[in-house]
Amino acid sequence: MILDLKHIYKDYQQDKLVVPVLKDISLQVEEGEYVAVMGPSGSGKTTLMNIIGCLDRPTSGTYELAGEDILKYKDKEMSNVRLRSIGFVFQSFHLLPRQSALENVALPLSYAGVKKRERRERAARALERVGLGDRLNFKPTQLSGGQKQRVAIARAMVNNPKLLLADEPTGALDSKSGKQIMELFAALHREGVTIVMITHDKAIASHAKRVVQIIDGEITEGSKEVQDA
Amino acid sequence: MLENIRLSFQGIWSHKMRSFLTMLGIIIGIAAIIAIVSTITGTNEQIKQNLIGAGDNNVNVQLYMGDSTYEIEYSGIPEGVPVITREVLEEIRGVEEVKDAALFVSRDTYNTIYHKNTGITGGKLYGVEKEYFDVCNYIVKSGRVFDDGDVSNFRKVAVLDEDSAETLFSGEDPVGKTIEILKEPYVVIGVVTKSSKFEPVINSMDDYYMYAQRSSGGVFVPYATWPGLYGYDEPQKLVLTVNNTEDMTAAGKKSADILNSYLSVTDNTIQYKAIDLLEQAKEIQELSRSTNTMLIWIAGISLLVGGIGVMNIMLVSVTERTQEIGLKKAIGARKSRILGQFLTEAAVLTSLGGLFGVIVGIILAEVISKLTGTLVAISAPAAVGAVVFSMIIGIVFGLLPSYKAANLNPIDALRHE
C-alpha cells in the first residue's frame, strides 16, 4: 500500500475559533492506482492534498507513506520525503521563469545530489517521456500552457517518486490541452505510476479509475463503483 | 555552491538597475576607504622620505636644553659639558648600529662669509673633522677635502657645498680663490655635493618651514681652526651614519647616552639628544592618521548604510520570489539550500560592489594625487581586504532575508500572489 491515512483530523485556529477542516478522513491507495479526490471548493481537498504531500501535518490521525510513518519526521526529513517519494503537479505549473525546461526539470535532481551530467541526461529523458524532447532549452515563456504543465509533470517524475500528486492539473488550461494532460496521466498510469489527483471538476475526475468524494471535510463516497460517474 | 554563484549572477543581471543601485552604497563606502587609505599611505611615505632623505641615513646628536637645541651663540659655552674626545668618538663608533661617526660644530651665518662683495645669508658654517664628508655622504665635485696636513697645521682652508659655491661664485670655479670668514681669509680647496641629491617635496608652508633649511648653503672649515674664529673649544655635535634606516632611532639614542655619561652639568635639562627624524616622521604621521581615522569611520558608516540597503533589497527579492521559494521547498529543497542560495546572492552582490568600489577608489586616489601632487600608494592587501569585507557585509546583512526565505511555509508561499 502506497498511501494509508487513518482517522485524519485537521483543525485551523481562526482567532479564538477552532475550525475543523478535515473530519476523520481515512484513505487507502494501492500501488499503481489512479485516484481522483473530488470536491467543491472549501471542502478541504486542498488541505488533504497538503497532508498527503507532506507539506502540512494533521491535528491527529496516522499517515503511512509506503509503509513509513512519516508524521514522526522532522522538517529536514519531510523535505527528503517530498524530494524522493512525491512528485507535485500544480494548477499554475510553478516553473522558474528564467530557467530552461531542462533546468526546471533537473532542479529536484540537484537537491538529490545527482551529478551535473547525469542530471541533464535524466531531465532530458523525463522531457522526452512527456513528449517535449524537442523543447529542452525553451524557457517557460516560450511554451504553451499545456507544454508548461508537461514540463511540470516531467519535473515531478524525474526522481521516480512513489506517488504523483496533482492539484487541479488542468485548472489553468483550455479543454484541448487539458485533454492532452489527461491522456498523459492515463499513459503514466498504464506504466504503473501511482497518481492522486485533486480536482473539483467531475469530467476531469472521471479520467481516474477511482473517485473519492470529499464534502465538508468528510469522505462521502470512495468506492470503485463510482469510477464511471 | 558554483551553481548558487551562477544563479546569483543571473539574478543580479536580470535586475541590472536595481542591483547597481543596491551596490552603490557599498561602492561609495569602499571607494572612499580605498582612496583615503591610499592617500594616507602615500602621505606618510612622503613625510618619511622628506625627513629622512633618500638613503642618507644620517642622525645628528647635539646638545639640548630642555626641548630645544642648545644654541651656543645665545647661551654661551655651557658648564660641565666637556669637549668630545677621540676616545669617546671611538666608543660611539663601537655601538652596534653605528656605521661611522664624525664630530663637528656649526653656526648659522649672517653676514659672516664673503667673496668680494657677495655674502651668504642664511647659510651654515661648519667646523669639521676630515671624516665628516664621508660620514655625511658628500662626494668631491672639484678640488679636494681636508687632509691631515690641513688639520695639524691649522691651515685656513675651506670647502664649499654646491649651494654656497653658487651663491658666492655664481658659476665661476671657486677652487684656489680666497673667501672671507669672520674677516679671516680662507682659501677654497674644494667643492662637495651630496652623493644622493634629495629635494623634499614641498606642498604647503608648513612643509617649507620643515624642510627648507636642508637645502641652504654650507661652508666647511677644519675644526682645528674653529677656536681661531670663535675663540673657544666648544662642545661638538655628532653626526652618525647607520646601515639601516630602521636603526636610526636606536643608534641616536645609544650615542646620546654615551655622551651624556660624560656630562657633569648642574642644570640637568642640558643633555645630548638625537634629532630623531624617524621619530619626528612618526609623530607627523600619527597626526595625519588620527584625522584620517575619522574619515575612515565616516566611510564605514556609508558601508553600514549600504549594508542596510542590501538587506532591504534582499527582503524585497525574497517577497518577490516567494512562489519560487515555496515551489523549491515543496519539491524537496532543504532550508539550508534556500538559506545558501540567498546568502550567496547577497554576498555576490556586495562582493561585486566591493570590487567596483576598489576600482573607483583607485581612480579617485589617482585623481587626488594629480590634483594635489601628493604621493598615492595603493596597497594590494587593502584592496583584497576591502572586497573580503564587502563580502562579509553581504553575508551579515543577507542573513535576515535569507533566514526569512528559508523559513517560509511552502503552502503559503505557493499561494502567494
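Throughout, a chain's letter reflects where its sequence line sits, starting with A, and its residues are numbered from 1.
Remark: side-chain polar atoms of A:Lys162 are not paired, donor with acceptor, to backbone N or O of A:Ala66 under 3.5 angstrom. Between the A:Thr170 side chain and the A:Leu173 main chain, no donor and acceptor come within less than 3.5 Å of each other. Judged by distance alone, the side chain of A:Gln142 and the main-chain N or O of A:Lys139 form a donor-acceptor pair under 3.5 Å.
Other residues, nucleotides and ligands contribute over 12 non-hydrogen atoms within 6.0 Å of the CD atom of B:Gln10. Other residues, nucleotides and ligands place more than 12 heavy atoms under 6.0 Å from the CZ atom of A:Phe138. Other residues, nucleotides and ligands contribute at most 12 non-hydrogen atoms within 6.0 Å of the CG atom of A:Asp216. Other residues, nucleotides and ligands contribute more than 12 heavy atoms inside 6.0 Å of the CZ atom of A:Arg135.
Classification of A:Lys74 and A:Glu77 as a salt-bridged pair fails, no side-chain N sitting under 4.0 Å from a carboxylate O.
Using cut-offs of 30° and 60° on the angle between ring planes, the pair A:His94 and A:Phe90 is perpendicular.
Listed by sequence position, B:Gln323, B:Glu324 are the residues of residues 293-325 of chain B in contact with chain A, using a 4.5 angstrom heavy-atom cutoff.
The contact between B:Leu7 and chain A is made entirely by side chain atoms (from C-beta outward), counting heavy-atom distances below 4.5 Å. Residue contact with chain A, scored on non-hydrogen atoms closer than 4.5 Å, involves the side chain of B:Ser14 exclusively. For B:Arg334, the parts sitting under 4.5 Å from any heavy atom of chain A are the backbone and the side chain alike. In this structure, chain B has no heavy atom under 4.5 Å from any part of A:Gln91. There is no contact between A:Asn159 and chain B, counting heavy-atom distances below 4.5 Å. At a 4.5 Å heavy-atom cutoff, the contact between A:Ser110 and chain B is made by backbone and side-chain atoms alike. Proximity to chain B involves both the backbone and the side chain of A:Leu55, based on heavy atoms less than 4.5 angstrom apart. Contact of B:Ile411 with chain A is made through the side chain alone, with heavy-atom distances under 4.5 Å. If you measure heavy-atom distances from A:Arg84 to chain B, you find no contacts under 4.5 Å at all.
Geometrically, B:Lys16 does not engage B:Phe20 in a cation-pi contact, judged by NZ or CZ lying under 6.0 Å from the ring centre and within 45° of the ring axis.
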What do the steps show when you test A:Asp24 against A:Glu218 for side-chain contact (heavy atoms from CB on, under 4.5 Å), and what is the final call?
CA-CA 7 Å; A:Asp24 195 19; A:Glu218 287 172 290; over 6 Å; no
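The most heavy-atom pairs under 4.5 Å with chain A, out of B:Ala330, B:Pro410, B:Gly11, come from B:Ala330.
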